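Report on one structure; see the data block that follows.
For the numbers below, each heavy atom of this structure counts, side chains included, while hydrogens, waters and symmetry mates do not. Please read all numbers here as calculations on a predicted model, not as lab measurements.
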Amino acid sequence: MLMKYPIGIQSFDRIIEDGYVYVDKTELIYRLTHESSIYFLSRPRRFGKSLLVSTLKNYYLGRKELFRGLAMERLETEWAVHPVFHVDFNGGNFVKEGVLQTMLEDCVKEWEQRYGLSANEKLDVGIRFRHVLRAAHEQTGRRAVVLIDEYDKPILDVLDVDAALEDRHRNVLKAFYSVFKAADEHLQFVLLTGVTKFSQVSVFSGFNQPKDISMDGRYETLCGITQDEIDRYFPQPIADMAADYRCTPEEMRLRLKQQYDGYHFSDRLTDVYNPFSLLNALDSRRIYDYWFRSGTPTYLIRLLNHFNENINELTGKYYRPEEFVDYKADVERPLPMIFQSGYLTIKNYNFDFNTFLLDFPNNEVKNGFLTML
């Protein structure tokens, strides 16, 4: 049977309904949703964050039929339907004044209509959102779920371009996210995803600190594809590709590994493949730099323009977590942004000193990054 690859498709329901291959992450998702309530996850672009958000959305909407044959079907018994509030900053272009405020107001207005609330536009959008969450809880009898995809895009779009607008965006988001503290009793689950983790004193300071699972070993494979998953889902596509390359399937696996594997998101050092590049390669049966060709973020190019050192000065060295985990929007210290954007990854961990070796994850990134510079 011909395998359909969900390239560019980030909608879980469409992937399932239209018969695309889905690498089952629902056992991890079940664990995530039953351990805590407010999370933050940082992953590079095109790494499956939006698909994760979509899967969570369908799970909390109780769409049991979509999970048939997946681990979730075996684990979940209740299938409670919760009110879900999804904000996706992916599609917005936030370089113009007022775009962010308009987007949030449109979202809140739609939610107010859904729950029969009259819009009081004199109130701050965060306060109105709090009223919506309370109404949703009272009317449905279930606590609300909030999913925010690419929470940092309004800041990244103007980073190093317009400092005043960057500050305004940070303050707007801070006020909006502060609702999670005030509406805690009405919330079942909250997830914010993004590329960067901005320092604790900025965007997140208005509410209870989300649990950052970006480097949590339990969730390191929540996005991306592991070697075990490749061996389970894709043996035939790899054999077909090997025939094209006139090599053995084992040699083909090694070539794919060198090109697309090598990401590590915790000190457990579980290998994770870039899903965008891997699926593109299996679909076209050719090894190219798919992720890199899909575009380098403009914010990263702007930051690197300030960076006078050779990139080799950053690679192959051990760092303390505080040197590369939190991003403080400092053009003199691009390391956190380079790491969080996926151009460097963890390659080793020293337990004695709690330091991480950072280097390029694989050949695709190394060759593309050095060419770009």
Side-chain angles (χ1 to χ4, degrees), residues 1-16 18-33 41 43-56 58-59 66-75 193 213-242 248-285 287 290-291 342 345-347 361-365:
M1 192 176 96
L2 187 67
M3 190 170 275
K4 291 171 67 177
Y5 298 96
I7 294 163
I9 300 172
Q10 298 162 342
S11 165
F12 174 72
D13 42 339
R14 185 181 165 198
I15 286 173
I16 299 300
D18 292 354
Y20 289 94
V21 63
Y22 173 71
V23 175
D24 188 0
K25 301 288 186 181
T26 61
E27 187 165 343
L28 280 176
I29 288 171
Y30 180 84
R31 190 192 308 166
L32 183 75
T33 54
L41 176 68
R43 284 294 181 268
R45 64 190 176 84
R46 297 187 183 274
F47 232 87
K49 298 188 297 294
S50 296
L51 175 57
L52 170 65
V53 166
S54 176
T55 310
L56 283 160
N58 283 282
Y59 167 62
L66 294 176
F67 293 84
R68 199 168 292 126
L70 301 177
M72 186 67 83
E73 183 184 41
R74 166 175 51 83
L75 295 165
T193 76
I213 57 170
S214 307
M215 291 178 63
D216 187 324
R218 292 168 296 177
Y219 301 110
E220 61 185 348
T221 62
L222 193 55
C223 296
I225 300 175
T226 66
Q227 189 65 58
D228 285 347
E229 289 165 340
I230 288 172
D231 295 342
R232 189 174 351 135
Y233 287 91
F234 305 113
Q236 190 56 52
I238 289 175
D240 295 340
M241 203 169 170
T248 67
E250 192 53 46
E251 288 169 333
M252 196 70 243
R253 284 172 77 234
L254 184 60
R255 291 182 75 159
L256 289 167
K257 188 174 186 66
Q258 290 171 338
Q259 189 73 5
Y260 305 126
D261 192 15
Y263 285 93
H264 304 109
F265 296 108
S266 86
D267 55 28
R268 292 184 183 179
L269 300 175
T270 303
D271 281 346
V272 178
Y273 283 72
N274 181 319
F276 181 79
S277 286
L278 179 70
L279 293 178
N280 269 285
L282 294 175
D283 182 51
S284 64
R285 287 157 66 157
I287 289 179
Y290 298 100
W291 183 73
T345 195
I346 297 163
K347 285 298 181 180
N362 51 44
N363 288 345
E364 175 184 21
V365 176

Evaluation steps, side-chain contact (heavy atoms from CB on, under 4.5 Å), between L70 and Y30 | CA-CA 11 Å; L70 301 177; Y30 180 84; over 6 Å; no
Would I238 and L282 satisfy side-chain contact (heavy atoms from CB on, under 4.5 Å), going step by step from the backbone distance to the final call?
-> CA-CA 7 Å; I238 289 175; L282 294 175; 4.0 Å; yes
How many angstroms lie between atom CD1 of I230 and atom CG of L278, to the nearest 0.5 angstrom?
-> 4.5 Å
First locate atom CG of L51, then atom CG of L56, and finally report the distance between them rounded to the nearest 0.5 Å.
-> 9.5 Å
Are the side chain of N362 and the backbone of E364 linked by a donor-acceptor contact shorter than 3.5 Å?
-> yes
Main-chain N/O of G262 paired with K257 side-chain donor or acceptor, under 3.5 Å = no
Within-4.5 Å side-chain heavy-atom neighbours: P275 and V23 = no
Residues that R253 engages under side-chain hydrogen bond (donor to acceptor under 3.5 Å, both in side chains), provided they are two or more places apart = D231, E250
Is the backbone N or O of G342 less than 3.5 Å from a side-chain atom of Y263, with the two atoms forming a donor-acceptor pair by type?
-> yes
Can you label the angle between the Y260 ring and the Y290 ring as parallel, tilted or perpendicular, going by 30° and 60°?
-> tilted
Return the minimal non-hydrogen interatomic distance between T226 and Y273, and the atom names on each side.
-> C-CD1, 4.4 Å
Side chain D24, main chain A71, donor-acceptor under 3.5 Å | yes
With no hydrogens and no angle check, is any side-chain donor or acceptor of K4 less than 3.5 Å from a backbone partner on V21?
-> no
Quick one: are the ring centres of F47 and F265 less than 6.0 Å apart?
-> yes
Within the distance-only criterion (no hydrogens, no angle test), does the side chain of T55 pair as donor or acceptor with the backbone N or O of F12 below 3.5 angstrom?
-> no
Do the non-hydrogen side-chain atoms of L279 and F234 ever get within less than 4.5 Å of each other?
-> yes
Which pair of heavy atoms, one from S266 and one from I346, lies closest together, and at what distance?
-> N-CD1, 4.2 Å
Side-chain touch R45/F276, heavy atoms, less than 4.5 angstrom | no
For I225 against E229, the heavy-atom pair lying closest together | CA-OE1, 3.4 Å
Of the non-hydrogen atoms in W291 and V365, which two are nearest, and what is the gap between them?
-> CZ3-CG2, 3.8 Å
Interatomic spacing from OG1 in T221 to CG in L28 - rounded to 0.5 Å = 4.5 Å
Before giving the answer on side-chain contact (heavy atoms from CB on, under 4.5 Å), spell out for Y233 and M3 the whole-Å C-alpha distance, their side-chain angles and the decisive distance to 0.1 Å.
-> CA-CA 10 Å; Y233 287 91; M3 190 170 275; 5.5 Å; no
Min side-chain heavy-atom separation K25-L52 under 4.5 Å = no
What closest approach, in Å, do G224 and V272 show between heavy atoms, and which atom pair accounts for it?
-> CA-CG1, 3.7 Å
Could you state the interatomic distance from CG (N274) to CZ (R46), rounded to the nearest 0.5 Å?
-> 10.0 Å
Quick one: are R74 and T26 in side-chain contact, heavy atoms under 4.5 Å?
-> no
Just by distance, do the side chain of K49 and the backbone of R43 share a donor-acceptor pair under 3.5 Å?
-> yes
Between CG of N58 and CE of M72, what distance do you get to the nearest 0.5 Å?
-> 11.0 Å
Shortest non-hydrogen contact from M241 to R285?
-> CE-C, 3.7 Å
Main-chain N/O of R255 paired to Q259 side chain as donor or acceptor, under 3.5 Å | no
I213 side chain near L222 side chain, heavy-atom distance below 4.5 Å | yes
OG-CD1 distance between S54 and I9, expressed to the nearest 0.5 angstrom = 11.0 Å
Pick from E220, H264, Q227: which one makes a side-chain hydrogen bond (donor to acceptor under 3.5 Å, both in side chains) with T270?
-> E220
